[in-house]
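Numbers here are sequence positions counted from 1. We use all heavy atoms of the structure for the numbers below, so side chains are in, but hydrogens, waters and symmetry mates are not. What you see is a predicted model, and the numbers here were worked out from it, not measured in a lab.
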Amino acid sequence: MSMITNTLGRYFAGRFLVSAVGVFASIFLLLVLVDYIEMVRRTSGLASASALMVAETSLFRVPQLLEKMMPFCVLIGAMTCYLALSRRLELVVARAAGVSAWQFIAPALASAIMLGLMATTLYNPMSANLRELSKRMEAELFGAAPGGGVQDASGFWLNQLNPDGSVIINAARSEQQGVRLTGLTLFRFDTQNRFKDRIEAREASLEEGQWVFKSVRRFSLDAPPVDEPTFVLPTTLTPAQVRNSFSTPETVSFWQLPSYIRSSESSGFATAGYRLQYHKLIAQPFLLAAMVMLAASVSLRFFRMGGVQKMVLSGVGAGFLLYVLSKVTEDLSKAALMNPIAAAWLPVFVGGLTGFMALLYQEDG
């Protein structure tokens, strides 16, 4: 504990934070640039799309993308920090003064846990809100015409049964966890499953007992297309039921996940995805600490001993394998083949124990 709070510990913690935040900011700028170029390409034919609005849309989309890369930002940042300290012989001097490797990494571990807590409690809700804003701005950019203009290849699908038949709803974009949809196409069938008509709408909102569609164009087999300002479709769906079809766990903030899990359970829907996301966010501080352990195990080697390049590549490879493991456990959990708690915490234990054993072998073996 004294190593974390004394001057040398604060110095090591500050160097780690500068490296990790620097990597995070660099990747953020790169993603914003790439996403902005893609948005400019998509909006090149839209006269109403201003450069400022396109830039804001890209800026609001990136934080959620970057949240998934945060463990790798910490891994690369910690490796950069310790390699720089080793190259300038600062670790050699510290070792000569009797400071062990475990004392080197203690400040970084504490800093990583604090970063993880901030990422879970502050950054995640902010990124979810910004993602909702970006969806709203995308709807304004691409939803000027009936049908929503440019639509995604698959979008969101919902099958609704009514007394007079069935309706298949396809939405290009979803806002407010499915309560508001844009870029819609409806296929209506009668009770004998025979096609009745196709309806395109710019947007729709779920109100009590009904869907309200705006800027509607109706297509039927025996009549020309008809434009209507609004179209009302009765429904028995509730926001909780719609949320299960039109929302993803990643778009729900950490503080809202418990209520979403309870509402999905009461409605009889599967909650594995929401539970997995909730426990992944709880485990995030410890996952970042595990990344620091992995980085330290491949970055404390002295430059004069050689083999630094191989150690760095092995660290990057270990991080990639840990990512593959997390994706496999995530897929198994969503398929109800693995408990969400085990799926969220297994990568943390594997990464942490791997780094701990490697450091134990190098320093005390």
Side-chain angles (χ1 to χ4, degrees), residues 16 19-20 23-24 27 31 63-83 105 108-120 123-124 127 248-252 254 257 261 270-301 309-362 365:
F16 164 74
S19 298
V23 173
F24 186 87
I27 298 178
L31 288 178
Q64 193 173 74
L65 299 176
L66 192 58
E67 185 179 8
K68 300 177 182 179
M69 303 181 64
M70 194 171 295
F72 298 97
C73 294
V74 171
L75 175 66
I76 301 300
M79 292 172 60
T80 303
C81 170
Y82 288 125
L83 287 173
I105 66 174
L109 287 175
S111 301
I113 292 176
M114 291 300 298
L115 285 176
L117 290 173
M118 293 176 61
T120 297
Y123 185 85
N124 174 262
S127 66
T248 57
E250 291 78 12
T251 61
V252 183
F254 172 74
L257 277 170
I261 293 172
T271 60
Y274 293 108
R275 289 183 177 278
L276 175 64
Q277 177 69 6
Y278 184 63
H279 288 287
K280 282 175 61 178
L281 290 174
I282 293 177
Q284 187 165 233
F286 304 96
L287 179 60
L288 299 187
M291 288 297 182
V292 172
M293 296 284 288
L294 279 177
S297 66
V298 299
S299 305
L300 297 182
R301 187 183 182 92
Q309 293 83 358
K310 293 182 180 179
M311 295 292 287
V312 171
L313 289 177
S314 64
V316 175
F320 175 75
L321 291 177
L322 197 62
Y323 171 77
V324 173
L325 175 63
S326 65
K327 293 300 293 183
V328 171
T329 56
E330 180 179 340
D331 292 339
L332 290 175
S333 176
K334 290 181 178 179
L337 299 176
M338 190 174 188
N339 188 279
I341 299 178
W345 286 91
L346 182 60
V348 177
F349 284 113
V350 171
L353 288 177
T354 301
F356 176 77
M357 294 301 295
L359 279 173
L360 193 65
Y361 176 77
Q362 293 176 15

Would you tabulate the side-chain donor-acceptor contacts of residues 276-292 under 3.5 Å, counting partners in other chains and residues two or more places apart, or write 'none'?
unit_1: Lys280; atom_1: NZ; unit_2: Glu330; atom_2: OE1; d: 3.4
unit_1: Gln284; atom_1: NE2; unit_2: Thr120; atom_2: OG1; d: 3.1

Under 3.5 Å, side-chain donor or acceptor atoms of residues 69-79 against the rest of the protein: list the pairs with distances, not counting sequence neighbours.
none

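Among residues at least two apart or in separate chains, side chain to side chain donor-acceptor pair (under 3.5 Å) pairs with a member in residues 66-75 are Glu67-Asn124, Glu67-Ser127. Pairs of residues two or more places apart, or lying in two chains, never qualify as salt bridge (Lys or Arg N to Asp or Glu O under 4.0 Å) while including a residue from residues 340-358. Contacts classified as side chain to side chain donor-acceptor pair (under 3.5 Å) and involving residues 312-326 (residues at least two apart or in different chains) are not found.
For the pair Leu115 and Tyr123, the minimum side-chain heavy-atom distance is 4.5 Å or more. No side-chain heavy atom of Leu337 sits less than 4.5 Å from a side-chain heavy atom of Asp331.
Rounded to the nearest 0.5 angstrom, Ile341 CD1 and Ser333 OG are separated by 10.0 Å. Remark: Ile105 CD1 to Ser299 OG distance equals 11.0 Å, nearest 0.5 Å.
Contact detail for Pro347 and Thr329: the closest heavy-atom pair is CG-OG1, 4.1 Å. Between Leu294 and Ala318, the shortest heavy-atom distance links the atoms CD2-CB, 4.4 Å. Between Ala272 and Pro340, the shortest heavy-atom contact is O-CG, 4.2 Å. Nearest heavy atoms, Ala108 versus Tyr82: CB-OH, 3.3 Å.
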Query - side-chain contact (heavy atoms from CB on, under 4.5 Å) assessment of Arg275 paired with Leu257 - result: CA-CA 8 Å; Arg275 289 183 177 278; Leu257 277 170; over 6 Å; no

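Taking the ring-ring contact (aromatic ring centres under 6.0 Å, His included) definition, one finds that Phe349 meets it with nothing, sequence neighbours left out. Remark: Thr354 engages no residue in a side-chain hydrogen bond (donor to acceptor under 3.5 Å, both in side chains) (not counting sequence neighbours). Here Phe356 pairs with Trp102, Met293, Leu360 under the side chain to side chain contact (heavy atoms under 4.5 Å, CB included) rule; sequence neighbours left out. The side chain to side chain contact (heavy atoms under 4.5 Å, CB included) test applied to Leu65 returns no partner, not counting sequence neighbours. Residues meeting the side-chain hydrogen bond (donor to acceptor under 3.5 Å, both in side chains) test with Gln64, sequence neighbours left out: none.
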